[in-house]
Amino acid sequence: EYSVQMTFREHWNDDRLNYSSEGGRIKYLTLTETDKIWMPDLFFKNEKTGHFHDIILPNTYIRIFPDGDVLYSIRISLTLSCPMDLKLYPLDTQLCELLMASYGWTTEDLVFLWEKNEPIQVTKNLHLPRFTLEH
């Protein structure tokens with residue numbers, strides 16, 4: 001298993017949320033209640049445990065842009081399963097995946113796509129003793 005703490009972001013368009021930007025004066029609206037709009041029902045398939053961060057206030061927000069674009073951001077911690085073959089340890093290489101899927105929609109209804117530029121951003125000062133994060 002492995003554990004990660006991340007800021008997870010999703011972006012989609014819901015044209016039902018279009019609104020006037022008042023000539024460009026309103027860049028976006030911010031919501032703090034995620035149950036007020038439709039959201040993709042993504043889950044982590046190889047999750048063993050997880051929790052949302054909510055010290056002081058929940059670490060989440062939703063931005064709605066005039067064209068109906070929605071940006072959802074949340075800070076989460078996950079422990080994920082990772083089958084490993086340790087026959088060559090400590091000279092081995094392991095591939096640990098982060099598996100995601102929709103809970104209730106099929107690919108005919110909902111498709112998840114990675115951001116083209118920098119889909120994963122790793123903190124610059126990441127230190128993993130005896131490990132190297134390659135991709």
Side-chain angles (χ1 to χ4, degrees):
E1 66 183 34
Y2 71 104
S3 297
V4 295
Q5 181 186 96
M6 70 174 97
T7 301
F8 180 77
R9 295 183 186 100
E10 290 180 288
H11 181 262
W12 66 92
N13 183 276
D14 186 337
D15 57 11
R16 298 171 298 176
L17 300 174
N18 290 352
Y19 63 90
S20 170
S21 68
E22 299 295 322
R25 292 186 308 157
I26 302 173
K27 292 184 180 178
Y28 56 82
L29 303 173
T30 301
L31 293 179
T32 55
E33 299 177 62
T34 59
D35 61 339
K36 301 297 182 195
I37 63 169
W38 177 89
M39 293 181 54
D41 60 349
L42 180 131
F43 75 100
F44 299 93
K45 292 171 61 171
N46 57 331
E47 175 201 356
K48 293 175 82 176
T49 62
H51 71 271
F52 302 119
H53 292 260
D54 58 4
I55 300 299
I56 302 187
L57 290 173
N59 295 175
T60 182
Y61 69 81
I62 297 173
R63 288 183 179 166
I64 303 173
F65 296 87
D67 62 357
D69 279 358
V70 179
L71 173 63
Y72 172 61
S73 179
I74 187 166
R75 194 166 146 242
I76 54 180
S77 287
L78 297 168
T79 298
L80 302 137
S81 64
C82 178
M84 296 185 194
D85 181 359
L86 302 173
K87 287 185 290 201
L88 299 176
Y89 182 83
L91 304 173
D92 60 338
T93 299
Q94 303 299 327
L95 176 64
C96 294
E97 298 179 308
L98 177 65
L99 302 172
M100 297 176 279
S102 168
Y103 187 77
W105 300 96
T106 69
T107 52
E108 291 180 20
D109 303 311
L110 180 63
V111 175
F112 293 104
L113 302 172
W114 287 97
E115 186 74 28
K116 286 185 178 119
N117 299 320
E118 272 194 294
I120 297 175
Q121 300 157 4
V122 179
T123 185
K124 303 273 188 269
N125 60 355
L126 181 66
H127 179 68
L128 299 168
R130 299 179 308 207
F131 295 96
T132 303
L133 181 62
E134 292 183 359
H135 303 286

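- Atom CZ of F43 is surrounded by more than 12 heavy atoms from other residues, nucleotides or ligands within 6.0 Å.
- Taking every heavy atom of both residues into account, S73 and T7 meet most closely at OG-CG2, 3.4 Å.
- When the shell of 6.0 Å around CG of N117 is examined, it contains 12 or fewer heavy atoms from other residues, nucleotides or ligands.
- Panel note: side chain D85, backbone K87; a donor-acceptor pair is recorded below 3.5 Å.
- Looking only at side-chain heavy atoms (C-beta outward), E115 and R9 stay at 4.5 Å or farther from each other.
- Considering all non-hydrogen atoms of both residues, P66 and K27 come closest at CD-O, 3.4 Å.
- For I55, the CD1 atom is loosely surrounded, since the number of other residues' heavy atoms within 6.0 Å does not exceed 12.
- With hydrogens and angles ignored, the 3.5 Å screen pairs a side-chain donor or acceptor of N13 with a backbone N or O of D67.
- By the 6.0 Å contact criterion, OH on Y28 is open, its count of non-hydrogen atoms from other residues, nucleotides or ligands being 12 or less.
- Summarising the geometry, atom CZ belonging to F8 is positioned 8.0 Å from atom CG belonging to L98; distances are rounded to the nearest 0.5 Å.
- Hydrophobic clustering (ILVMFWY, side-chain heavy atoms < 4.5 Å, transitive): W114 and L110 are in one cluster.
- Between Y2 and C82, the closest heavy-atom pair is CD2-CB, 3.9 Å.
- Among the candidates V70, I62, D14, the single residue satisfying the side-chain contact (heavy atoms from CB on, under 4.5 Å) test with M39 is I62.
- Here the shortest heavy-atom pairing between E97 and N46 reads O-ND2, 2.7 Å.
- Listed for the D41 side chain is no donor-acceptor partner under 3.5 Å among the backbone atoms of S102.
- Residues L29 and Y19 share a closest heavy-atom pair of N-OH, 3.4 Å.
- In plain terms, the two heavy atoms of F112 and A101 that are nearest each other are CE1-C, 4.0 Å.
- If you chain together hydrophobic residues whose side chains sit under 4.5 Å apart, Y103 and L99 never meet in one group.
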